[in-house]
Each structure stands twice: as structure tokens, then as C-alpha cells.
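Below is one structure, written out as C-alpha cells; the observations come after it.
Every value quoted in this text rests on a predicted model; they were computed, and no experiment measured them.
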Amino acid sequence: MRRGLGRGRGLVAIGAILAVISLPLSWQKAGGVVLEVETAWGFAGSGSIMVLAAVLMLGLLVVPYTTRTGDFTLDRPVVYALLAVIGIVGLVLAILDLVGGQAEYSLTPLDAPGLWLAVVGMAIATWGVLEMFAEKPRAP
């Protein structure tokens, strides 16, 4: 028997997709007036930890649909919560790496859209995990 995603899993999917989309966008920009423009991306550093957690969340969402029973042992809110915590820690470490640099970098939404999209994506994914904990368990 197949089941729908539900509100929590739907929010996790939206948040994880936004986090993955944020990867190739600019996460930081410096220079541009007199100096050469330097840009940081989500591929470098701890941002990849956040993206890995988001990809694993998407994988967990898809795997139950590939089984005959529609059930998967790891498709539990606790596992999503663990992945959300790992993603948030990776995002915080990436932000600390970006802020700790020597150059005068701009983290405004126009100069760092990828960073802000990652923050929004992880916030939505966390909201989805909280919704999953609040959902009623489905009947066997």
C-alpha cells in the first residue's frame, strides 16, 4: 500500500531541494570596485556537509516508494531529525568559515544568494521534521 508524502515529508523535500539548489550559487562576494571580485561557493568547505545531509533526506523520502510494502526501516522522524541537525551544523560551520576570512566579504542576500537560500532551505526542512513528529502515526 502506497502512502502520500504528508505535510512533514513534503516540507522536508522542499527544504532539501532548496538546499541542494543553493550549492552552485554564490555564497559570498568580495571586491568589485577597485579589487578583483572574489566569490565563494557552497562546494568548498563545510557547505558540502549540509548538502550531503539534504541529499540523504531526499534519498530517504524516495526509498519507501521503491519497495513493495512501501515501508523502509530508516524512514522515521528521528532519522530525519539527525540529518537536519547534521545539515544545520554543516551550514553553521560554513557560515563561520565565510565570516572568519581576512577580506571584507559581503553576506547580503544580493551578494550571497546561495547562502541565504541554504538557510531558508534548512529552516523549511527543520520545520518539516517538526511536522513529522507532530503527525499521527499511520494505521498498520
Side-chain angles (χ1 to χ4, degrees):
M1 180 168 130
R2 303 280 182 213
R3 62 175 165 80
L5 274 181
R7 181 177 171 150
R9 284 177 176 78
L11 287 170
V12 167
I14 291 169
I17 289 170
L18 289 176
V20 170
I21 289 173
S22 74
L23 193 63
L25 299 174
S26 162
W27 279 41
Q28 188 180 56
K29 190 183 284 186
V33 177
V34 176
L35 300 173
E36 194 174 309
V37 175
E38 295 179 24
T39 305
W41 309 96
F43 292 110
S46 304
S48 57
I49 295 171
M50 186 244 351
V51 172
L52 179 64
V55 168
L56 288 175
M57 282 185 204
L58 288 172
L60 275 178
L61 288 170
V62 172
V63 168
Y65 293 102
T66 64
T67 63
R68 287 181 190 249
T69 61
D71 226 3
F72 184 58
T73 308
L74 295 177
D75 186 27
R76 304 284 180 257
V78 174
V79 178
Y80 287 99
L82 178 67
L83 288 174
V85 167
I86 291 170
I88 290 170
V89 167
L91 181 61
V92 168
L93 290 175
I95 291 172
L96 291 176
D97 287 344
L98 294 174
V99 172
Q102 299 292 347
E104 292 290 326
Y105 286 101
S106 173
L107 296 178
T108 62
L110 291 176
D111 290 334
L115 175 65
W116 289 94
L117 188 62
V119 169
V120 168
M122 288 312 296
I124 292 173
T126 304
W127 177 21
V129 170
L130 294 174
E131 287 282 336
M132 287 171 61
F133 278 110
E135 288 176 353
K136 294 180 185 177
R138 63 186 176 125

ask   = Which atom pair, heavy atoms only, marks the closest approach of Met132 to Tyr80?
value = CE-CD1, 3.0 Å
task = Answer with yes or no whether the hydrophobic clustering places Ile21 together with Leu23; edges join I, L, V, M, F, W, Y residues whose side-chain heavy atoms lie under 4.5 Å apart.
result = yes
message = Membership question, hydrophobic clusters at under 4.5 Å side-chain separation (ILVMFWY): are Val51 and Leu96 in the same one?
response = yes
key: Minimum side-chain heavy-atom gap Pro77-Glu135 below 4.5 Å   = no
inquiry  = Checking one residue: Leu82. Which other hydrophobic residues are in its cluster under the side-chain 4.5 Å linking rule?
reply    = Ile49, Ile86
key: Shortest non-hydrogen separation from Ala54 to Ala19 and the atoms involved   = CB-CB, 3.9 Å
inquiry  = Please give me the minimum heavy-atom distance between Asp75 and Leu60, naming the atom from each residue.
reply    = OD1-O, 4.1 Å
query = Would Leu74 and Phe133 show up in the same hydrophobic cluster when neighbours are defined by side-chain heavy atoms closer than 4.5 Å?
reply = yes
inquiry  = Show the nearest heavy-atom pair for residues Val12 and Gly128, with the distance to one decimal.
reply    = CG2-C, 3.7 Å
query = Is there a path of hydrophobic side-chain contacts, each under 4.5 Å between heavy atoms of I, L, V, M, F, W or Y residues, that connects Ile88 with Leu130?
reply = no
ask   = Do Trp116 and Ile17 belong to the same hydrophobic cluster, where Ile, Leu, Val, Met, Phe, Trp and Tyr are linked whenever their side-chain heavy atoms lie under 4.5 Å apart, directly or via other members?
value = no
inquiry  = Quick check: do Leu25 and Leu115 have side-chain heavy atoms less than 4.5 Å from each other?
reply    = no
key: Shortest non-hydrogen contact between Ala84 and Val129, atoms and distance   = CB-CG2, 4.2 Å
message = On a heavy-atom basis, which atom in Ala118 and which in Ser22 lie closest, and how many Å separate them?
response = CB-OG, 3.4 Å
query = Looking at residues at least two apart in the chain, or sitting in another chain, which of them share a side chain to side chain contact (heavy atoms under 4.5 Å, CB included) with Leu52?
reply = Leu56
